[in-house]
Amino acid sequence: MSNLPSEPEFEQAYKGLENSSLFEKNPEYKTALKVVSIPERVIQFRVVWEDDNGVLQVNNGYRVQYNSALGPYKGGLRFHPTVNLSILKFLGFEQIFKNALTGLNMGGGKGGADFEPKGKSDNEIRRFCDSFMRELCKHIGAETDVPAGDIGVGGREVGYLFGTYKRQRNKWEGMVTGKGGNWGGSLIRPEATGYGLVYYVEQMLKYAGKGNFSGKRVAISGSGNVAQYAALKCIELGATVVSLSDSKGSLIAEGDAGFKPEDVEAIADIKLARQPLTAYEHKGAFKYIEGARPWVHVGKVDVALPSATQNEVSEDEAKTLVSNGCLFIAEGSNMGCTQEAIDVFEAERKEKGGEAIWYAPGKASNCGGVAVSGLEMAQNSQRISWTREEVDERLKLIMKEAFENGLNTAKEYVEAKEGELPSLVAGSNIAGFVKVVQAMHDQGDWWESM
Ligand code: NDP
């Protein structure tokens, strides 16, 4: 029995791993799970800043330095009023294994603050970032811990955070990724999570014998960084994107046309100005449904890409997607599906063989963002910049390998009947976990008891 406070999001992520068939075959890994589930270090700090009216404001700042077996801690910073330790622990825990799946040398971490960026002026954002980094800079660095963006932290915030670190530590170093292209950022980093997600699904389509994105109908949730670039890549590859959403509601395409690149670009501008989707003047091309997520409103789709936030597909929504014939669901968001939704998808996959829905967990399908962050670290340490094409090729290869790693591990560890598609959730969980805990074992972090 734990005496820790209840941490529902973290417990959900932990149970997702604990129920793995790996522990039946390799019981010694149960000890490793006990060790790996406790962060190496949690830093919690006060962030005091002044708003435009000269009034003092205060927030909670955090950094969870979860695991450094494979490299410096690596994972994003989230600025959102809902941020708490349970959410950051679940994100950090998932990040450890996601980073392992990229094949690059990165440990896992996550951080952020319960700060609401919406409605804040640029000056307020700058003052908040400055105060946040004045404390965080004591604990991070290019060889120690390299944060990146996440919800509420984009290129502008990364710039302010980098500037304060440099001034405080008197060091220009790649201690954060997602930097501006003209001062150390990697090309394709802003696009990487969304593009990588689509490259991952291309592998699923190919393996399942369902062709490519051309002619497919795709439902996407969210309208931030991940959703925008996933949508643009789907459109480029000939698919029809039928939905985008935000925390207030969903835009659903009317008729067969779907979103055009110019729609997505206009929505990106609206989101940069922190406005809701209702600010988009779409002239009747879309239906806006207030307070709704897209899944039960999109009708028949081939592919669903949850790309907003955690637990954004419920059991009932999962059942509707299945009954509407959706065949592929891959998470752009972290833990986008509830456990009950995953159970629906996995039960269908087992029951109906190759003709049922196939689910990919975020730790595999959205690892493209952190992978290009890893490539940004590599470029920074060599003081070079690769071309767009070079980074894109590497990203494609990493997504292919992340897919194959999960697939082949599932074939090795999980019993399946003839014609059944391998469980990407089981395979990816096991592949990431085994890589990390083997390194921890080599480094003396855990051992088999006599
Ligand atoms: P952004 O802040 O750019 O966009 C987030 C989007 O999700 C917005 O449309 C936002 O709506 C919506 N959203 C946020 N919270 C909620 C909520 N509680 N309910 C419904 N909608 C919500 O974030 P990103 O696109 O960067 O991140 C999206 C997801 O992808 C997150 O789960 C993140 O952890 C994950 N991810 C991101 C990576 C990256 O490289 N950026 C890498 C890997 C995973 P609104 O505008 O109204 O706030």
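Numbers here simply count residues along the sequence, with the first being 1. Keep in mind the model is a prediction, meaning the values are calculated, not measured. Counting starts at 1 for both ligands and their atoms, following the listed order.
- Atoms of ligand 1 found under 4.0 Å from any heavy atom of G152 (numbered from 1 in listed order, with element): 2 (O).
- For F79 and F128, the gap between ring centers is short of 6.0 Å.
- Shortest contact from atom 33 (C) of ligand 1 to any protein heavy atom: D150 OD1, 3.2 Å.
- The option with the heavy atom closest to atom 28 (C) of ligand 1, from among G76, G369, G149, A308, is A308.
- You'll find the side chain of E157 stays beyond 4.5 Å of the side chain of L77, heavy atoms only.
- Proximity of a side-chain donor or acceptor of D246 to a complementary backbone N or O of S223 within less than 3.5 Å is not detected.
- Annotation: atom 3 (O) of ligand 1 to nearest protein heavy atom, N225 N, 2.9 Å.
- Heavy-atom contacts of R189 reach the following atoms of ligand 1: 40 (O) (cutoff under 4.0 Å).
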Show your working on side chain to side chain donor-acceptor pair (under 3.5 Å) between Q95 and N99 and close with a plain yes or no.
-> CA-CA 6 Å; Q95 192 82 45; N99 293 1; 3.0 Å; yes
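- Under 4.0 angstrom from ligand 1, there are no non-hydrogen atoms of R274.
- When hydrogens are left out, the protein atom nearest atom 32 (O) of ligand 1 is N334 N, 3.3 Å; that is the closest non-hydrogen contact.
- Look at R78 and you'll find a heavy atom under 4.0 Å from some atom of ligand 1.
- Counting heavy atoms closer than 4.0 Å to ligand 1, residue K118 contributes side-chain atoms (C-beta onward) but none from N, CA, C or O.
- In this structure, F259 has its ring center closer than 6.0 angstrom to the ring center of F286.
- Shown in contact with S333 at under 4.0 Å from a heavy atom are these atoms of ligand 1, numbered in order with element: 29 (C), 30 (O), 32 (O), 35 (C).
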Before giving the answer on side-chain contact (heavy atoms from CB on, under 4.5 Å), spell out for L33 and E18 the whole-Å C-alpha distance, their side-chain angles and the decisive distance to 0.1 Å.
-> CA-CA 8 Å; L33 178 64; E18 193 188 26; 4.0 Å; yes
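- Which parts of ligand 1 touch S307 is read off a 4.0 Å heavy-atom cut-off, strictly below it: atoms 28 (C).
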Would you check, one step at a time, whether the test side chain to side chain donor-acceptor pair (under 3.5 Å) holds for T193 with N366?
-> CA-CA 6 Å; T193 309; N366 74 29; over 6 Å; no
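- One option in A148, G224, P117 has a heavy atom closer to atom 1 (P) of ligand 1 than any other, and that option is G224.
- Centroid-to-centroid, the aromatic rings of Y66 and Y73 stay 6.0 Å apart or farther.
- With respect to D302 and K300, a salt bridge is recorded, a charged nitrogen being found less than 4.0 Å from a carboxylate O.
- Heavy-atom distances between P276 and ligand 1 stay at or above 4.0 Å for every pair.
- Less than 4.0 angstrom separates some heavy atom of S223 from each of these atoms of ligand 1: 9 (O).
- Of the candidates P306, G368, S247, it is S247 that places a heavy atom closest to atom 11 (O) of ligand 1.
- Between F90 and Y14, a ring centre-to-centre spacing not shorter than 6.0 Å is recorded.
- The shortest non-hydrogen separation linking L277 to I267 is CD2-CG2, 3.7 Å.
- The closest side-chain heavy-atom distance from D392 to Y199 is below 4.5 Å.
- The closest protein non-hydrogen atom to atom 17 (C) of ligand 1 is T309 CG2, 3.4 Å.
- Between K248 and ligand 1, not a single N/O pair is under 3.5 Å apart.
- At a threshold of 4.5 Å between non-hydrogen side-chain atoms, the residues L187 and W386 do not count as touching.
- In the candidate list I151, N366, L244, I151 is nearest to atom 14 (C) of ligand 1, counting heavy atoms.
- Here K271 has side-chain heavy atoms under 4.0 Å from ligand 1, and that is the only part of it that gets that close.
- Between V226 and ligand 1, at least one N/O pair is under 3.5 Å apart.
- By the criterion of a heavy-atom distance under 4.0 Å, the side chain of T193, and not its backbone, is placed next to ligand 1.
- Atoms of ligand 1 found under 4.0 Å from any heavy atom of S245, numbered from 1 in the order shown, are 9 (O).
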